Asker: 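Before anything else, here's the structure in question.
Only heavy atoms go into these numbers, but all of them, side chains included; no hydrogens, no water, no symmetry mates. Owing to the predicted nature of the structure, the values given are computational and were not obtained by experimental measurement.
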Amino acid sequence: MGFADQRFNVNLSILFTELPLLERPAAAAAAGFTAVELWWPWIDSPTPERSGTDALKKAIEDAGVQLTGLNFYAGKLPGPDRGALSVPGEESERFRANIDVAADLAQSLGCTALNALYGNRVEGVDPAEQDALALDNLVLAARAADRIGAILLIEALNKPESPLYPLVSAPAAVEVVDKVNAASGLGNARFLMDLYHLSMNGEDLPSVIERYAARTGHVQIADNPGRGAPGTGSLPLEDLLGQLGKAGYDGWVGLEYKPGDRPSAEAFAWLPAEARAAR
């Protein structure tokens, strides 16, 4: 098993960003892909005007691609923020205001995976207070996801690039998954396994896959070092995805890598054209 056996989608918040947002779905389709995912596109607004969400919905539908993953509001991403749900005050309120907006947009496009980034530690705030707030907000998000038949994803990032983010290992993220499922009683929280972030943390990726493949709701990839396309670094991504497949993972693999100093359309040479459309 390897690249040809996967279901890939393109993350339009890191690829094709040389284009306006509404042109990216069609660009992904022109490159041969049939599925896309997005970070929350309106970084300054958890509750954008309906005209904005309608325009994005139309662009995705007109391109003929499937939206397979959407982040909840996460602050300035890319930028200094790594989520909002554990940040007391205004950011937590913005996350809560976004929950149903994001869920409704996802439902309108048949998207069944919603990613909730945890948020950075805040100086002067007790981590236990942040964790309690996070659990409350994640339960609300899990209920909204359940309402539309979706899963809630919890992601581990990497400590070198996100030093204030507390979930910087697979076990830490899975622990939160378990707490959310216990608190909500819904069982729809799952681990988002980003192989780039985990490799940056120095984790044993084959061991992570062996331990957590069954708990994983989504996978994302980029090579390391550099966060570029597969083959630009040293990660054995084809082998790792093959191991995931053998372990029973048959979900989407998000291409969340930087195209480098070239147009995004030229950053897919590693993947044969016939393997880009979801099967």
Side-chain angles (χ1 to χ4, degrees), residues 5-15 24-25 28-29 33-42 46 53-54 56-74 77 83 85 95-96 98-118 137-156 173-174 176-178 180-181 183-195 212-221 241 244-245 247-256 276-279:
D5 301 296
Q6 308 300 325
R7 290 194 296 158
F8 291 106
N9 64 52
V10 177
N11 189 300
L12 297 181
S13 298
I14 193 168
L15 285 155
R24 296 176 202 171
F33 293 94
T34 55
V36 299
E37 64 182 30
L38 280 165
W39 304 341
W40 184 247
W42 300 277
T53 57
D54 284 349
L56 178 59
K57 180 176 184 289
K58 183 176 187 301
I60 291 171
E61 291 175 336
D62 287 351
V65 293
Q66 174 65 48
L67 182 69
T68 59
L70 178 67
N71 283 19
F72 288 107
Y73 169 80
L77 187 73
L85 62 90
F95 176 82
R96 291 190 183 196
N98 173 250
I99 289 175
D100 283 334
V101 177
D104 289 347
L105 176 59
Q107 183 180 38
S108 74
L109 286 162
C111 172
T112 57
L114 291 161
N115 183 26
L117 287 174
Y118 200 82
N137 282 338
L138 285 168
V139 168
L140 294 175
R143 289 173 181 160
D146 181 69
R147 170 174 65 81
I148 67 166
I151 59 173
L152 174 69
L153 297 170
I154 310 293
E155 182 175 7
V174 171
V176 173
V177 168
D178 290 342
V180 174
N181 284 333
S184 73
L186 297 170
N188 66 335
R190 306 294 296 276
F191 175 43
L192 195 167
M193 184 186 293
D194 186 310
L195 296 177
Y212 299 123
R215 317 281 291 284
T216 296
H218 186 47
V219 171
Q220 291 174 332
I221 64 169
L241 294 181
L244 268 162
Y249 180 77
D250 61 357
W252 294 97
V253 176
L255 304 181
E256 198 186 46
R276 298 177 190 179
R279 295 167 300 285

Asker: Roughly how far, to the nearest 0.5 Å, is the CG atom of N115 from the CG atom of L70?
Answerer: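 Between L70 CG and N115 CG, I get 9.0 Å after rounding to 0.5 Å.
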Asker: Specify the closest pair of heavy atoms between D250 and R7, including all atoms of both residues, with the distance to one decimal.
Answerer: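 Looking at all heavy atoms of both residues, the shortest contact is O-NH2, 3.0 Å.
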Asker: Measure the CZ-CG distance between R215 and N181 for me, rounded to the nearest 0.5 Å.
Answerer: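 Here the interatomic distance stands at 8.0 Å.
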Asker: Between R190 and A113, is there a donor-acceptor pair closer than 3.5 Å when you use the side chain of the first and the backbone of the second?
Answerer: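 Flag not set: sc R190 to bb A113 has no pair under 3.5 Å.
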Asker: Within the structure provided, determine whether L192 and Q220 are in side-chain contact (heavy-atom separation under 4.5 Å).
Answerer: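 Yes, close enough: below the 4.5 Å cut-off.
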Asker: Closest heavy-atom contact between L56 and P41?
Answerer: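 That closest heavy-atom pairing would be CD2-CG, 3.9 Å.
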Asker: One pair to check against side chain to side chain contact (heavy atoms under 4.5 Å, CB included): L114 and I148. What are the steps and the verdict?
Answerer: CA-CA 10 Å; L114 291 161; I148 67 166; 4.0 Å; yes
Asker: Which value, rounded to the nearest 0.5 Å, describes the distance between K57 atom NZ and L105 atom CG?
Answerer: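 The NZ atom of K57 sits 9.0 Å away from the CG atom of L105.
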Asker: Partners of R147 by side chain to side chain contact (heavy atoms under 4.5 Å, CB included), sequence neighbours excluded?
Answerer: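 R147: side chain to side chain contact (heavy atoms under 4.5 Å, CB included) contacts with D100, A103, D104, Q107.
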Asker: Does a side-chain heavy-atom distance below 4.5 Å link F8 with L241?
Answerer: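 They are in side-chain contact.
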Asker: Give me the atom names and distance for the closest heavy-atom approach of L15 to R24.
Answerer: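 Answer, listing the atom of L15 first, then R24: O-CD, 4.3 Å.
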Asker: If you round to the nearest 0.5 Å, how far is CZ of R276 from CZ of F33?
Answerer: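 These two atoms lie 5.0 Å from each other.
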Asker: Mind checking whether T112 and I151 have side chains closer than 4.5 Å, heavy atoms only?
Answerer: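 With C-beta onward as the side chain, the pair stays apart.
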Asker: Indicate yes or no: at least one non-hydrogen side-chain atom of W252 is less than 4.5 angstrom from one of V219.
Answerer: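 Not touching, per the 4.5 Å side-chain cut-off.
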Asker: Please report the closest heavy-atom contact between A142 and L186, naming both atoms and the distance.
Answerer: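 Smallest heavy-atom distance, with atoms named: O-CD1, 3.7 Å.
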Asker: Which one of L85, L138, L152, V101 satisfies the side chain to side chain contact (heavy atoms under 4.5 Å, CB included) criterion with F72?
Answerer: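 The passing option is L152.
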Asker: Rounded to the nearest 0.5 Å, how far apart are CH2 of W40 and OH of Y73?
Answerer: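 Output value for this atom pair is 11.0 Å.
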Asker: So which heavy atom on P25 is nearest to which on I60, and how close?
Answerer: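 Minimum heavy-atom separation between P25 and I60: CG-CG1, 3.9 Å.
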Asker: So do H218 and Y249 actually touch side chain to side chain, heavy atoms under 4.5 Å?
Answerer: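 Side-chain contact under 4.5 Å: yes.
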Asker: Would you say N98's side chain and P46's backbone share a donor-acceptor pair under 3.5 angstrom?
Answerer: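 Checking the backbone N and O of P46 against the side chain of N98, a donor-acceptor pair under 3.5 Å is found.
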Asker: Which atom names give the shortest non-hydrogen contact between A189 and V177, and what distance separates them?
Answerer: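 A189 and V177 have their closest heavy atoms at O-CG1, 3.3 Å.
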Asker: Take L117 and N71 through the test side chain to side chain contact (heavy atoms under 4.5 Å, CB included) and record every step on the way to the result.
Answerer: CA-CA 8 Å; L117 287 174; N71 283 19; 4.0 Å; yes
Asker: Under a 4.5 Å cut-off applied to non-hydrogen side-chain atoms, are L140 and F95 in contact?
Answerer: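 With C-beta onward as the side chain, the pair stays apart.
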Asker: Mind checking whether Q66 and V36 have side chains closer than 4.5 Å, heavy atoms only?
Answerer: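 Heavy-atom side-chain distance check fails, nothing below 4.5 Å.
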Asker: Let me confirm one number: the CD-OG distance from E61 to S108, rounded to the nearest 0.5 Å.
Answerer: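 Interatomic distance, E61 CD to S108 OG, rounded to 0.5 Å: 7.0 Å.
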Asker: Quick one: does any side-chain atom of N188 pair with a main-chain N or O of A145 as donor and acceptor, under 3.5 Å?
Answerer: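 Flag not set: sc N188 to bb A145 has no pair under 3.5 Å.
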Asker: Please lay out, stage by stage, how L255 and N11 fare under the test side chain to side chain contact (heavy atoms under 4.5 Å, CB included).
Answerer: CA-CA 6 Å; L255 304 181; N11 189 300; 6.0 Å; no
Asker: Are the side chains of W39 and E256 in touch, meaning some heavy atoms are under 4.5 Å apart?
Answerer: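 With C-beta onward as the side chain, the pair touches.
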